[in-house]
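Model, not experiment: these values are computed from the prediction. So that the names make sense, note that chain A is the first sequence line, chain B the second, and so on, each numbered from 1.
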Amino acid sequence: MKRTGYLHDNRYILHDTGPHHPETSDRLLAVYEGIKEEGILEHLTMISASRADLKWIETVHDPVYIRRFEEICLSGHNTFDDPDNCISMDTYESAFLAVGGILDTVDLMMTDKIDNAFCAVRPPGHHAEKDKAMGFCYFNNIAITARYLQEKWGIEKVAIIDIDVHHGNGTQHIFEQDASVFYYSIHEHPSFAYPGTGRDFEVGTLGGHGFTKNSLVLPGQGDDVYYMLIQGDLMPAINKFEPEVILVSTGFDAHRDDEMSDIKVSTQCFSWMMQTIMDLGERHCDGRVISILEGGYSLQRLPELAGNHVKILLDS
Amino acid sequence: MFVSNHMKKTVITVDQDASVFEAQQLMAEKQIRHLPIVDAENRLLAIVTDRDIRSALPYTLLKGSHTDEEKAGLIDLKVKNIMTLDPKSISPMDTIQDALLLIQQHKVGAFPVINEKKELMGILSVRDLLSSFINVLNINEPGTLLCVLVEEKVGQLKKLVDTITEEGISFGSVLVNRHWEEDKRAVFIYLLTNNVVRVKKKITALGFSLLDPMSWYIDNLSQKE
Ligand SMILES: [Zn+2]
């Protein structure tokens with residue numbers, strides 16, 4: 001059994017998106033219930049969050065943007081940059097705690113206290129651009145984590161695997177010129193789904209050419225196409241890149257019961273996908289894998305999906 | 001949607017007495033495929049395209065495997081020997097729709113844009129048309145596409161627009177395909193949001209059906225075979 005960290009902090013609930021928003025704090029409670037239900041809580045290293053140091057957030061985000069975010073939260077506005085992005089007074093603090101908790105998790109892994117981890121944070125991050133909030137995301141948690149691994153822990157090559165059903169436009173744009181961070185995303189075709197980026201001809205620019213890879217799934221497609229693309233696109237790309245750490249943008253919104261997408265992935269296929277990622281981690285980076293929560297909105301399905309997910313981390 | 005808003009206003013022209021080599025070099029340097037030729041009063045006389053040049057030059061020259069002798073023999077070939085006189089042109093007050101239909105009819109890659117005095121005002125290429133349509137479709141903005149099947153009767157689109165407006169969602173674009181099925185239209189609504197769960201439910205509750213994009217994907221596949 002692996003030493004698996006589980007980042008869970010009640011203060012992530014303080015980010016209040018209002019009554020009709022899909023990205024709610026109930027999601028984290030569903031995740032917790034599912035992990036508890038698996039009977040594995042006692043085997044996990046529980047991690048609670050500390051507040052991130054601003055300097056790490058500034059490795060990715062524009063200082064003017066960060067200030068704008070703080071001011072709009074304090075001013076009592078209820079949206080930021082787009083009507084999709086519902087905020088409350090505490091959103092800014094929650095976003096700092098999300099980043100801080102993940103960076104603490106990285107420290108535990110890099111000092112060999114844990115082998116891998118699941119970070120159940122909100123707000124999510126992969127749509128956040130360096131100077132713009134998008135798609136319920138404010139700070140790009142996973143991008144900051146990659147920079148932190150490089151700058152604090154001297155890791156050279158980080159792979160980010162994004163299995164959220166939406167393309168992680170923010171993450172791709174932040175690293176698209178950078179050959180030291182490989183970004184892979186599998187998502188619903190951008191002509192149908194938010195945010196409209198992540199086409200298969202987007203492969204990185206300048207020095208980062210060849211270090212971005214997008215796999216597209218059409219509305220209505222599911223397991224078969226996922227099996228094919230993960231084996232045909234993701235596995236060879238990671239084997240070629242040989243990362244030292246793998247970060248996973250874990251969204252559960254490709255599930256067939258999740259109304260946020262038209263993609264029909266089964267619970268079993270999610271497990272297979274995570275097992276495949278763990279095998280890649282074992283082969284290339286001593287199992288150093290940190291999974292960070294992005295989307296996933298079906299409160300009925302989140303418990304089983306999160307339970308299985310963490311069980312795979314534990315048994316990998 | 002007037003041509004004047006979408007055309008390139010700085011036009012690179014070429015002298016009719018220039019050699020074909022010079023014209024070719026100019027195109028390569030500026031990454032363009034069409035060079036209008038004007039008179040001293042900036043009135044449009046002709047146009048020369050990269051295709052005109054390619055068909056005027058022997059194959060060896062294009063491949064770069066020519067001898068200096070061959071090249072010397074062609075140095076006298078001038079733009080005026082190969083240009084198309086009085087080419088098809090459009091006015092700045094024509095619309096983008098006009099230009100689309102004309103391009104389809106005349107199978108050309110660009111139109112010089114001239115005013116009533118025949119003065120050259122700009123040039124509109126297929127590339128400019130494409131970017132104006134990308135703008136109209138709004139696909140550079142983040143959003144989600146809804147595909148709704150609508151019966152052919154009055155007031156249907158209004159219901160959809162009202163429902164989406166009630167939800168406070170901004171429109172990126174709306175496309176209507178009138179020939180979808182017998183008595184049915186397909187409406188493609190691009191919404192500038194990530195959050196379409198509620199609006200989809202409301203639309204279905206009104207009795208509209210959402211198109212399953214996979215079904216037309218499969219239809220297309222079977223047509224190809
Ligand atoms: Zn998502």
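- Distance SG/B:Cys147 to CG/A:Asp262: 8.0 Å, rounded to 0.5 Å.
- The two residues B:Tyr190 and A:Gly196 come nearest to each other via the heavy atoms OH-CA, 4.4 Å.
- Proximity to chain B is absent for every atom of A:His189, based on heavy atoms less than 4.5 angstrom apart.
- Separation of atoms OG1 (B:Thr144) and CD (A:Glu188) is listed at 8.5 Å; rounding is to 0.5 Å.
- In this structure, CG on B:Asn195 lies 8.5 Å from OH on A:Tyr297, to the nearest 0.5 angstrom.
- Only the side chain of A:Phe136 has a heavy atom closer than 4.5 Å to any heavy atom of chain B.
- Within a 6.0 Å sphere centred on CZ of A:Arg256, heavy atoms belonging to other residues, nucleotides or ligands number more than 12.
- B:Asn194 places none of its side-chain heavy atoms less than 4.5 Å from the side chain of A:Pro195.
- Neither the backbone nor the side chain of A:Thr197 comes within contact range of chain B; no heavy atom of the residue lies under 4.5 Å from a heavy atom of that chain.
- Checked for salt-bridge contact, A:Glu259 and B:Lys200 miss the test: no charged N lies under 4.0 Å from a carboxylate O.
- Annotation for A:Arg199: atom CZ counts as buried by contact number, over 12 foreign heavy atoms lying within 6.0 Å.
- Rounding to the nearest 0.5 angstrom, the gap separating the CZ atom in B:Arg198 from the NE2 atom in A:His21 is 11.0 Å.
- Counting non-hydrogen atoms of other residues, nucleotides and ligands closer than 6.0 Å to NE2 of B:His106 gives a total above 12.
- Within 6.0 Å of CD in B:Gln104 there are 12 or fewer heavy atoms belonging to other residues, nucleotides or ligands.
- Here the straight-line distance linking atom CG of A:Asp84 with atom CG of B:Leu192 works out to 9.5 Å at 0.5 Å rounding.
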